[in-house]
Protein chains: 2
Amino acid sequence: MRWGKHDHGSRGYHHGNLKEALVRAALELIEKKGPAGFTFAEAARWAGVSPAAPYRHFRDRDELIADVARRGFDEFTAALTGAWEDGKPDVIAAFDRLGKAYLTFAKREPAYYSAMFEAGVPLDTDAELRAAGERAFAVLRAAAEKLVGDMPARARPPALMVALHIWSLTHGIASLFSRGDAARRTLPMAPEELLEAAFLIYLRGLGLPSASGATDDRD
Amino acid sequence: MRWGKHDHGSRGYHHGNLKEALVRAALELIEKKGPAGFTFAEAARWAGVSPAAPYRHFRDRDELIADVARRGFDEFTAALTGAWEDGKPDVIAAFDRLGKAYLTFAKREPAYYSAMFEAGVPLDTDAELRAAGERAFAVLRAAAEKLVGDMPARARPPALMVALHIWSLTHGIASLFSRGDAARRTLPMAPEELLEAAFLIYLRGLGLPSASGATDDRD
DNA sequence: ATCTCATGTAAAGGGCTTTTACATGAGCAG
DNA sequence: CTGCTCATGTAAAAGCCCTTTACATGAGAT
């Protein structure tokens, strides 16, 4: 008996790569209908197997979502690392890329982003997931270390605090304004511009000299 | 036939105030099991009515959640307005209260907060809900107006931008760190302190004089 | 060639959502 | 008071999803 509407290549009794197929299905379905609208059964149908088959690969629906979130954090880490590029050519420019990469990820990978931050997955029950999240944050933290490292020791703020500030700010903008089609509010400026302006103002507040143009009078 | 495990006062065939009872049930259930775990049927059971009764008051499950979100925005607006208190005694102190009120609301009313920001309710399909959200933001916007109003016109940033920055920052901290028991990460400082520090740094970046102590070396 | 075990199926129980037809009784008109 | 009406609630049912259990298949090892 054939289960799939989407016949991705004929197969016999065994699928061959069901786990990956389920993850891909989850990504498509979460993107289309949100994490709440995603169902285990539909992922199974999409992959062309019976509703019970997914249980051979995931304890339950939540574990599949957690796996998607974990993969999302890995991709996220890669995107951030690539944007940061060791802080070259200068820390400010690299930080700017980092922020834009965060927003871009939220916009272009809404399914991952949902699974990571909005699906209500309990971080503390899955060590792998938690570790993946830590790795993503570590990129930001390392960037903050480099940022404050350029400052005179006397006026140097805690790098962890700076990392948390920038993460919070960026995450807030991403959550509120930078989602796909279901944007919660229309803005008079692009989320990227909003973030860049905030970032420059914040840097000036830290005493960084290089921050200029932050308070231009655009309205 | 009796449906309720929770017999909140005996009643006859008609409940008398089912709509309110359902909203209260939704709040308890969302708080206990998250917006995803909340079910229409359980709310009905909780209120002591049959599973079909709620449909006399809400088109479907989503409309109930949207109603909860709307009420949440109203409470939120009241909390923010009360904290702002017209910017007295001075703008900075009032802004500080505003931020703390935001975090407090997220922590003490996780059910409202979830319904408002995490349940994936489409803002654009419900005018009432959208309007309630606008009213909440209007408090923050008015506060930002007052903040930048104290600045010399030459160095005055757009109030809307400032409002969006502070909203994003606060929302980011609330979402990432200031939730109830399911905190996504443990912090070396209280979310309130984190917010206050960021706020002071941001104000210094705007050129506000009154911001001091923002970069103390606590670690 | 055979065995084994990971992977998939069938079937079933239980719950949720939503609709439809019917029941109740609160409030109002006469 | 009597009786009508309609908002409000119930019962029943169809459809879907989640998850478990017993059974089937066949890929890879021996």
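In what follows, chains carry the letters A, B, and so on, assigned in the order in which the sequence lines appear, proteins first and then strands, with residues in each chain numbered from 1.
Atom CG in L18(B) sits about 5 Å away from atom P in dG9(D), given to the nearest Å. Here dG15(C) presents its C1' atom at 21 Å from CH2 of W46(B), a figure rounded to the nearest Å. Rounded to whole Å, atom P of dG15(C) lies 20 Å from atom CZ of F40(A). As rounded to whole Å, 15 Å separates atom C1' of dC16(D) from atom CZ of F38(A). Between H15(B) atom NE2 and dA7(D) atom C1' the separation is 15 Å, expressed in whole Å. The distance between atom NZ of K19(A) and atom P of dA6(C), rounded to the nearest whole Å, is 14 Å.
Recorded end-axis angle for the helix from dA1(C)-dT30(D) to dG30(C)-dC1(D) stands at 10°, based on five pairs per end and rounded to 10 degrees.
Looking at F76(B) and R135(B), their side chains never come closer than 4.5 Å, going by heavy atoms from C-beta outward. Side-chain contact between R70(B) and M116(B): absent, with no pair of heavy atoms (C-beta onward) separated by less than 4.5 Å. Looking at heavy atoms from C-beta onward, F40(B) lies out of side-chain contact with L22(B) at the 4.5 angstrom threshold. Considering only heavy atoms from C-beta on, K33(B) comes within 4.5 Å of E42(B) through its side chain.
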Trace of the salt bridge (Lys or Arg N to Asp or Glu O under 4.0 Å) decision for D67(A) with R71(A): CA-CA 6 Å; D67(A) 196 61; R71(A) 290 162 186 255; 2.9 Å; yes
Verdict with reasoning, F117(B) to F73(B), per ring pair (Phe, Tyr, Trp, His ring centres under 6.0 Å): CA-CA 10 Å; F117(B) 293 114; F73(B) 275 118; 5.7 Å; yes
Stepwise side-chain contact (heavy atoms from CB on, under 4.5 Å) test for D60(A) and E63(A): CA-CA 5 Å; D60(A) 55 20; E63(A) 193 176 275; 3.8 Å; yes
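When all heavy atoms of P54(A) and V49(A) are compared, the pair lying nearest together is CD-CG2, 4.4 Å.
Between H57(A) and dA6(C) there is no side-chain polar atom (N or O) within less than 4.0 angstrom of OP1 or OP2.
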Contact letters for nucleotides 25-30 of chain D, in which S counts primed atoms plus P, OP1 and OP2 and B counts the base, heavy atoms under 4.0 Å: BS----
Between protein and nucleic acid, restricted to nucleotides 20-22 of chain D and to nitrogen or oxygen atoms under 3.5 Å apart, what atom pairs and distances do you find?
from    : atom 1 : to     : atom 2 : distance (Å)
dA22(D) : N6     : R56(A) : NH2    : 3.4

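S175(A) places no side-chain N or O within 3.5 Å of a backbone atom of G172(A) that could act as its donor or acceptor partner.
Of the residues in residues 60-69 of chain B, those lying under 4.0 Å from DNA chain C by heavy-atom distance are D60(B), R61(B).
Environment of CD in E20(A): crowded, with over 12 heavy atoms of neighbouring residues, nucleotides or ligands closer than 6.0 Å.
Side chains of Y102(B) and H171(B): a donor-acceptor N/O pair is present below 3.5 angstrom, by distance only.
Using a 4.0 Å heavy-atom distance criterion, G16(B) is classed as a sugar-phosphate-only contact. A41(B) comes within contact range of the sugar-phosphate backbone alone, with a heavy-atom separation under 4.0 Å but no base atom that close.
Shown here are the side chain to side chain contact (heavy atoms under 4.5 Å, CB included) partners of R97(A), two or more places apart in sequence or in another chain: A83(A), E85(A), P89(A), A94(A). Contacts of E109(A) classified as side chain to side chain contact (heavy atoms under 4.5 Å, CB included), with partners at least two apart in sequence or in another chain: F105(A), Y112(A).
Between F95(A) and Y202(A), the distance from one ring center to the other does not fall under 6.0 angstrom.
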